[in-house]
Engineer: 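My questions all concern the structure below.
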Amino acid sequence: MAINKLGVETVPVLVGPVSYLLLSKLAKGVDKSFDLLSLLPKVIPIYNAAYAGLESTLSGLNVLVETYFADVPAEAYKTLTSLKGVTAFGFDLIRGTKTIDLIKSSFPKGKYLFAGVVDGRNIWANDLAASLITLQSLEGVVGKDKLVVSTSCSLLHTAVDLVNETKLDAEIKSWLAFAAQKVVEVDALAKALAGQKNESFFSANAAALSSRRSSPRVTNESVQKAAAALKGSDHRRATEVSTRLDAQQKKLNLPILPTTTIGSFPQTVELRRVRREYKAKKISEEDYVKAIKEEIKKVVDIQEDLDIDVLVHGEPERNDMVEYFGEQLSGFAFTANGWVQSYGSRCVKPPIIYGDVSRPKPMTVFWSSTAQSMTKRPMKGMLTGPVTILNWFFVRNDQPRHETCYQIALAIKDEVEDLEKGGIGVIQIDEAALREGLPLRKAEHSFYLDWAVHSFRITNCGVQDSTQIHTHMCYSNFNDNIHSIIDMDADVITIENSRSDEKLLSVFREGVKYGAGIGPRVYDIHSPRIASTDEIADRINKMLAVLEQNILWVNPDCGLKTRKYTEVKPALKNMVHAAKLIRSQLASAK
Ligand code: GLN
Ligand code: ZN
């Protein structure tokens with residue numbers, strides 16, 4: 001610890017050498033099998049210099065090794081806790097429940113234990129009584145003056161301060177703890193451990209937890225029943241994908257290499273103004289609907305002019321692909337200022353799933369059927385899938401994540417079936433964030449992928465053969481998870497492979513059998529650069545070298561929301577040209 005210039009005691013934090021190397025990316029051209037840890041001997045002297053430098057500035061350096069986000073494997077625990085020059089070890093005891101047993105079976109004498117009992121990654125109030133029991137039992141192992149109470153990880157992934165929340169009602173607020181409240185919890189636990197228990201704080205906490213457990217807002221009997229009834233079946237569509245694709249083709253009559261887009265069209269300043277004013281009740285519902293309809297018509301006309309085969313409505317009514325659904329489902333709450341860092345300097349405001357999830361009424365049917373009525377071409381219904389909703393929200397911690405995911409899946413299933421009844425023959429269920437939920441430990445991947453893929457299948461297992469189900473995945477590391485992706489059993493999958501064409505192609509070269517429709521990106525929407533017809537045609541040809549022509553789709557790699565019309569129109573024009581060019585080449589080659 002050190003006293004900084006403001007007189008505050010602080011702990012300087014460094015990323016340790018092993019994490020530093022393992023989190024590094026291999027430069028282009030470096031062989032995949034390169035062992036990052038072989039660089040340790042080069043990195044360690046730099047760390048040594050850094051620690052020595054710190055030591056001379058901060059008198060008597062104490063090193064704390066902090067691990068988080070998962071259990072520490074038994075082998076690693078042994079190595080770690082035998083480190084000599086370390087004063088303290090910190091563990092995530094929320095995601096690392098097995099680590100508690102390791103600590104109890106052996107912990108080095110004279111070292112400090114930083115016990116991460118307050119979850120740093122969620123927004124829920126801690127169960128203080130339970131944490132205190134855990135801490136007391138750990139104190140018996142490591143010794144009275146050697147136990148430090150801590151959060152399970154840094155507070156980067158939680159919201160900042162509940163004080164800023166004006167929208168949440170008092171009951172829900174009492175169930176929550178953001179970063180500022182978590183620090184208070186840590187302090188209260190440490191004081192309680194030292195015999196200065198703040199009884200009223202602890203009893204207020206117990207009361208809040210019991211109100212959460214018994215609140216009718218949390219439990220919805222019929223949702224619980226429906227989710228429980230899912231057990232034992234794996235929810236697959238009745239027929240094989242090849243049979244379904246035939247039935248769909250009869251109805252849709254698409255050319256080979258059908259063209260489509262991923263969903264959103266550019267979100268203009270005007271569009272944002274309309275949504276904002278409607279939300280603030282500055283414009284009437286009638287005016288709002290009229291404005292959105294006009295926007296949809298514009299997007300439909302553009303796509304017809306471009307001669308795209310399967311159209312989208314452009315998602316003008318959606319501020320965000322997950323929040324839009326959260327707002328219409330029950331069991332969700334929204335914060336006014338619950339921002340967290342997503343990546344780089346991007347921040348998001350995840351909604352909170354606090355209760356059983358249900359869908360009171362159709363969410364997208366009105367807009368999708370309105371859009372379908374404007375064109376004779378197939379209009380894709382556009383939904384966000386259960387796994388993506390789960391992975392981008394703050395999720396309740398009073399039941400396993402997969403149970404919550406199944407509940408969301410059932411709500412989306414209702415929507416899929418209503419869209420089908422409403423005359424929508426192609427429905428895309430986005431699973432943009434499927435990969436983001438992969439657990440840290442490889443050993444846990446298959447369990448996650450099983451329930452994630454199952455959740456996706458639940459959403460569309462009830463539709464007719466002739467209804468075409470698409471899914472879209474961002475940053476999907478197709479190669480690693482190819483078998484899970486096939487197991488999703490979608491009719492068509494569009495994927496973002498912007499930075500790894502070669503990698504994607506290699507899966508198919510290596511002989512993975514893929515019979516459903518597939519739309520790898522033919523151009524990158526993350527760049528304003530407009531790909532030429534030749535460039536796109538070249539890409540399609542590369543794909544055709546490894547994929548059957550009757551399963552290949554032509555589409556950009558993601559939604560067009562962040563681009564301008566001046567970029568989108570010429571890019572799509574080139575895309576359609578390229579598809580037509582290759583269609584005619586294929587026809588004349590016959
Ligand atoms: N349908 C969404 C869109 O087009 C998908 C976005 C995403 O994959 N992130 O915006
Ligand atoms: Zn995407």
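Along the sequence shown, residues carry numbers from 1. Read the numbers this way: they start at 1 and go in the same order the structure lists the ligands and their atoms.
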Engineer: Is there a donor-acceptor pair under 3.5 Å between the side chain of Gln428 and the backbone N or O of Thr471?
Structural biologist: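 Such a contact is absent between Gln428 side chain and Thr471 backbone.
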
Engineer: Do any nitrogen or oxygen atoms of Lys561 come within less than 3.5 Å of a nitrogen or oxygen of ligand 1?
Structural biologist: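 The answer is no, given that Lys561 and ligand 1 share no N or O pair closer than 3.5 Å.
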
Engineer: So which bit of Met473 gets within less than 4.0 Å of ligand 1, heavy atoms only: side chain, backbone, both or neither?
Structural biologist: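 No part of Met473 comes within reach of ligand 1.
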
Engineer: Are any of the N or O atoms of Gln428 closer than 3.5 Å to those of ligand 1?
Structural biologist: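 Not met; the criterion fails.
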
Engineer: Compute the shortest N/O to N/O distance between Ile262 and ligand 1 and return yes if it is under 3.5 Å, no if not.
Structural biologist: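 Indeed, backbone or side chain, Ile262 has an N or O that close.
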
Engineer: Angle at the Zn ion (ligand 2), SG of Cys558 to NE2 of His472, rounded to 10 degrees, please.
Structural biologist: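 Taking the Zn ion (ligand 2) as the apex, I get 120° for this pair.
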
Engineer: State plainly whether the residues Asp92 and Arg121 are in salt-bridge range, i.e. N to O under 4.0 Å.
Structural biologist: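 Looking at Asp92 and Arg121, the cut-off is not met.
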
Engineer: So, Asp418 and Lys421, do they make that salt bridge, N to O below 4.0 Å?
Structural biologist: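 Judged by the 4.0 Å cut-off on N to carboxylate O distance, Asp418 and Lys421 do form a salt bridge.
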
Engineer: Centre-to-centre under 6.0 Å for Tyr68 and His157, is that the case here?
Structural biologist: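 Between Tyr68 and His157, the centre distance exceeds or equals 6.0 Å.
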
Engineer: Under a 4.0 angstrom heavy-atom cut-off, which atoms of ligand 1 come close to Cys474?
Structural biologist: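 Numbered from 1, ligand 1 contributes 7 (C), 8 (O), 9 (N).
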
Engineer: Which ligand 1 atoms does Gly263 reach within 4.0 Å, using its non-hydrogen atoms?
Structural biologist: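 Contacts of ligand 1 toward Gly263, numbered from 1: 4 (O).
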
Engineer: Does any N or O of ligand 1 fall below 3.5 Å from an N or O anywhere on Ser264, backbone included?
Structural biologist: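 The answer is yes, given that Ser264 and ligand 1 share an N or O pair closer than 3.5 Å.
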
Engineer: Any chance NZ of Lys290 has more than 12 other-residue heavy atoms, nucleotides or ligands included, within less than 6.0 Å?
Structural biologist: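 Incorrect, the count does not exceed 12.
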
Engineer: Heavy-atom contacts with Gly559 under 4.0 Å: which atoms of ligand 1 show up? List them by number with element.
Structural biologist: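 Going through ligand 1 atom by atom, the ones under 4.0 Å from Gly559 are 3 (C), 4 (O), 10 (O).
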
Engineer: When you check the gap from the basic side-chain N to the acidic O, do Asp465 and Arg237 get nearer than 4.0 Å?
Structural biologist: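 No, Asp465 and Arg237 are not salt-bridged.
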
Engineer: Within a distance under 4.0 Å of any heavy atom of His472, pick out the atoms of ligand 1 and give their elements.
Structural biologist: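 In order of number, 8 (O).
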
Engineer: In a table with atom names and distances, give each donor-acceptor pair under 3.5 Å that connects a side chain of residues 566-574 to protein atoms at least two apart or in another chain.
Structural biologist:
from   : atom 1 : to     : atom 2 : distance (Å)
Glu567 : OE1    : Arg563 : NE     : 2.6
Glu567 : OE1    : Lys564 : N      : 3.0
Asn574 : ND2    : Ala531 : O      : 2.8

